[in-house]
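Have a look at the structure that comes next, please.
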Number of protein chains: 2
Amino acid sequence: MTILIADDEERDRSWIKELLEKNLPEQAPFHEVADGQQAVETVLKIKPKLVFLDIKMPALSGIKAAEQILQSIPNTGIIILSNFSDEVYVRQLWKVVPADGVFGYVLKSASNEQVIEAAKAVLGGDCWIHPGISRVIQRTQNRATSLTPAEFEALACIALGLTDSAIARRLYLTEKAVQSRLKSLYSKMAIQGRSEQGDTEHNQRCRAVYMAYKRGLINQSELDEWESRFLENKAGSES
Amino acid sequence: MTILIADDEERDRSWIKELLEKNLPEQAPFHEVADGQQAVETVLKIKPKLVFLDIKMPALSGIKAAEQILQSIPNTGIIILSNFSDEVYVRQLWKVVPADGVFGYVLKSASNEQVIEAAKAVLGGDCWIHPGISRVIQRTQNRATSLTPAEFEALACIALGLTDSAIARRLYLTEKAVQSRLKSLYSKMAIQGRSEQGDTEHNQRCRAVYMAYKRGLINQSELDEWESRFLENKAGSES
DNA sequence: GTGTTTTCTGGGAAAAACCCTAGAGCAGAC
DNA sequence: GTCTGCTCTAGGGTTTTTCCCAGAAAACAC
């Protein structure tokens, strides 16, 4: 009957810990770790009933840590702590968490009451989703606006600043296939092209990137990962 | 002999306040406000020796609040609190702070010691710049890499997803002028074009946006401001 | 004043991005 | 089995962006 807090920032760890000590003293003791790798190891050792996981952590992200934890001990309660309501994380989380899984998603801008509420909910077997991201959740489940893996891949590539032909080389596609992906991407993101009547205000490519940032479909750290993935592939194939 | 803390997040305010109470009790009392407008008003009333200003605040940003404060009471010590090492804020701050001004720039990932160190430095008449952004500061002062206002304006426009012609309309320029701005922007950001030998990997337009996000030259909230500025102009001219 | 930087101008050519239509393979759902 | 949705393919078009050249007006510092 313990709780684990995994966050790389001391400030946030003590924030959560103090809240738990004041409001849920019966759940003590509270353990703390500073990265995802340690989180997984500690969970296997102490088997806590509830784990707070920050998303942005060194060594292993909160999402990946959650995946490993749920594979080993499926009935562990997970509460994701995130700075932003980024759609990309919701997408990833949805794949990792079983359909009937118990979890919470709390933004760091949450009030103290909300954190406690979420903790109680998950301990009691319910889900708790931060109000600010219910809209996002809806979008990830709406057929008309949610992106397929191929479209998402294309989005990441243009956000990195690659040309069509460079994308084609990297993903082993023809240039036409890339353009086909982009076309459906643009239409799903409701970006009007030059053919449509009205103002041809937008460069679709850049506009799609802008909207994607705005919706939290992509962000800096995710793009960095994509880029390093490409660099590895390149180094491997050229040697 | 008081200190003012302006931050919209309760958690961060109490973080700073507790630090000050423990380490600089002789500077008490410590006042708190939750937005930039209140910060300016309170400064005029209580004339604190030191003000902590969060950048992202409702009503008035920390930068703009600093500007107003320094105009009224120039010898007020300012410590900027920021979540990120965004170059755009450093650029703005540099314009606002007098050359011999006393100020600090602290990232929110700073350790407790660093915050105290910064507070003591500014109270003692020195500047304190977070180690993580000294690189950024250098860049903003290097001729070869720092952007001119015109280039910056163009950058913001392409980041919003506008076409060349749309930019020309909005800024009352010819399309050629816009392209000229973009050309110098690309070269300053060291983005190789298609003419250069080697692989033509990159779509310069999108690549520039990516690098700009990465360097913190632009970010979501700044772009939102640019966009709303355009919307106002448009509404005004069309009526 | 001079010199430097910044910005805008022009034309013409090449490359990349976008538009349209249409079909075919392949998975998974029912 | 059929149906649907996703993906890749193909050809041939248009528009936008980028590239090259060079010169001139404007702003600023010294």
Side-chain angles (χ1 to χ4, degrees), chain A residues 99 141-155 157-210, chain B residues 95 99 141-155 157-209:
Chain A
Q141 294 185 317
N142 178 340
R143 191 72 42 74
T145 54
S146 87
L147 303 185
T148 65
E151 286 155 358
F152 195 79
E153 202 173 30
L155 171 61
C157 287
I158 62 171
L160 286 172
L162 299 174
T163 61
D164 288 2
S165 73
I167 299 171
R169 278 198 299 278
R170 278 177 169 61
L171 302 181
Y172 307 102
L173 298 169
T174 59
E175 219 169 307
K176 283 290 181 187
V178 173
Q179 293 178 343
S180 161
R181 287 185 174 192
L182 288 177
K183 194 192 160 187
S184 57
L185 172 69
Y186 297 151
S187 76
K188 276 207 186 155
M189 300 194 77
I191 295 164
Q192 85 240 47
R194 33 199 189 212
S195 67
E196 263 112 318
Q197 68 205 41
D199 35 5
T200 56
E201 294 274 77
H202 294 132
N203 172 324
Q204 293 181 285
R205 202 184 190 77
C206 288
R207 187 65 178 175
V209 174
Y210 171 69
Chain B
K95 286 185 200 158
Q141 294 185 317
N142 178 341
R143 187 76 41 72
T145 54
S146 87
L147 303 184
T148 65
E151 286 155 358
F152 195 80
E153 203 172 28
L155 171 61
C157 287
I158 61 171
L160 286 173
L162 299 175
T163 61
D164 287 5
S165 73
I167 300 171
R169 279 199 298 277
R170 276 176 172 62
L171 301 181
Y172 306 102
L173 298 168
T174 58
E175 221 168 303
K176 279 290 182 189
V178 174
Q179 293 175 344
S180 163
R181 287 184 174 192
L182 288 177
K183 194 192 161 187
S184 57
L185 172 69
Y186 298 151
S187 77
K188 275 203 186 157
M189 300 193 77
I191 295 165
Q192 84 238 45
R194 33 198 187 215
S195 64
E196 264 114 315
Q197 68 204 48
D199 34 5
T200 58
E201 294 275 79
H202 293 134
N203 172 323
Q204 294 182 285
R205 190 176 269 256
C206 288
R207 186 66 177 174
V209 174

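Excluded from the calculations below are hydrogen atoms, water molecules and symmetry mates; all remaining heavy atoms, backbone and side chain alike, are included. Below, chain A is the first sequence line, B the second, and so on; all start at residue 1.
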Quiz item: Taking the side chain as C-beta and beyond, is there a heavy-atom pair between B:Arg170 and B:Glu153 under 4.5 Å?
Solution: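 B:Arg170 vs B:Glu153: side chains apart.
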Quiz item: So do A:Ser180 and A:Lys176 actually touch side chain to side chain, heavy atoms under 4.5 Å?
Solution: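 A side-chain contact under 4.5 Å is absent here.
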Self-check item: Partners passing side-chain contact (heavy atoms from CB on, under 4.5 Å) against A:Ala168 (at least two apart in sequence or in another chain)
Solution: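 Testing A:Ala168 for side-chain contact (heavy atoms from CB on, under 4.5 Å), a comparison that skips the adjacent residues, returns A:Val178.
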Please write out each protein N/O paired with an N/O of nucleotides 26-30 of chain D under 3.5 Å, distance rounded to 0.1 Å.
none

Quiz item: To the nearest angstrom, how far is A:Asn203 atom CG from D:dT18 atom P?
Solution: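 To the nearest whole Å, that distance equals 8 Å.
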Pick out the pairs of N or O atoms, protein on one side and nucleotides 7-9 of chain D on the other, that lie under 3.5 Å.
from  : atom 1 : to       : atom 2 : distance (Å)
D:dT7 : OP1    : A:Thr148 : OG1    : 3.2
D:dT7 : OP1    : A:Ala150 : N      : 3.2
D:dT7 : OP2    : A:Thr148 : OG1    : 2.5
D:dC8 : OP1    : A:Arg181 : NH2    : 2.7
D:dC8 : OP2    : A:Arg181 : NE     : 2.6
D:dC8 : OP2    : A:Arg181 : NH2    : 3.4
D:dT9 : OP2    : A:Thr174 : N      : 3.3
D:dT9 : OP2    : A:Thr174 : OG1    : 2.6

Practice problem: May I have the distance from B:Ile167 (atom CD1) to D:dT17 (atom C1'), rounded to whole angstrom? | Solution: 11 Å
Exercise. Pick base, sugar-phosphate or nothing for B:Lys183, based on heavy-atom distances below 4.0 Å to the nucleic acid.
Key: nothing
Quiz item: So, B:Arg207 side chain and A:Leu162 main chain: donor-acceptor pair closer than 3.5 Å or not?
Solution: no
Practice problem: Kindly give the heavy-atom pair with the smallest separation between B:Cys206 and A:Cys206, and that separation in Å. | Solution: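 In this case the closest contact between B:Cys206 and A:Cys206 is SG-SG, 3.7 Å.
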Exercise. Using five pairs at either end of the helix from C:dG1-D:dC30 to C:dA13-D:dT18, determine the angle between the two local helix axes and round it to 10 degrees.
Key: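 The angle separating the two end axes equals 30°.
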Self-check item: Option from A:Ile167, A:Leu155, A:Thr148, A:Leu171 for which side-chain contact (heavy atoms from CB on, under 4.5 Å) with A:Arg181 holds
Solution: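 Exactly one option meets the side-chain contact (heavy atoms from CB on, under 4.5 Å) with A:Arg181, and it is A:Leu171.
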Quiz item: So does B:Gln204 get a side-chain nitrogen or oxygen closer than 4.0 Å to the phosphate oxygens (OP1/OP2) of D:dC19?
Solution: yes
Self-check item: Rounded distance (Å) that lies between atom P of D:dT16 and atom CZ of B:Arg169
Solution: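 Between P of D:dT16 and CZ of B:Arg169: 10 Å.
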Quiz item: Per the side-chain contact (heavy atoms from CB on, under 4.5 Å) rule, which among B:His202, B:Glu151, B:Gln204 passes with B:Tyr186?
Solution: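 Result: among B:His202, B:Glu151, B:Gln204, B:Gln204 is the only option passing the side-chain contact (heavy atoms from CB on, under 4.5 Å) with B:Tyr186.
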Self-check item: Closest heavy-atom pair and its distance - A:Glu201, B:Ala166
Solution: O-CB, 3.4 Å
Quiz item: In whole angstroms, how far is the C1' atom of D:dC6 from the CD atom of A:Glu153?
Solution: 14 Å
Quiz prompt | Separation of atom CG in B:Leu185 from atom P in D:dC19, rounded to whole Å | solution = 12 Å
Quiz prompt | Atom pair distance, as rounded to whole Å: OH in A:Tyr186 and C1' in C:dC20 | solution = 16 Å
Quiz item: For B:His202 and C:dA17, what is the distance between atoms NE2 and P respectively, to the nearest whole Å?
Solution: 12 Å
Exercise. For residues A:Val209 and A:Ile158, determine if any side-chain heavy atom of one lies less than 4.5 Å from a side-chain heavy atom of the other.
Key: yes
Practice problem: Rounded off to whole Å, could you give me the CD-to-C1' distance for the B:Gln179 and C:dT7 pair? | Solution: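 For the pair B:Gln179 CD and C:dT7 C1', the rounded distance is 15 Å.
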Quiz item: By side chain to side chain donor-acceptor pair (under 3.5 Å), which residues pair with A:Thr174, not counting sequence neighbours?
Solution: none
Practice problem: Quick one: list whatever passes side chain to side chain donor-acceptor pair (under 3.5 Å) with A:Asp164, sequence neighbours left out. | Solution: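 Partners of A:Asp164 under the side chain to side chain donor-acceptor pair (under 3.5 Å) test: A:Gln179, A:Arg205.
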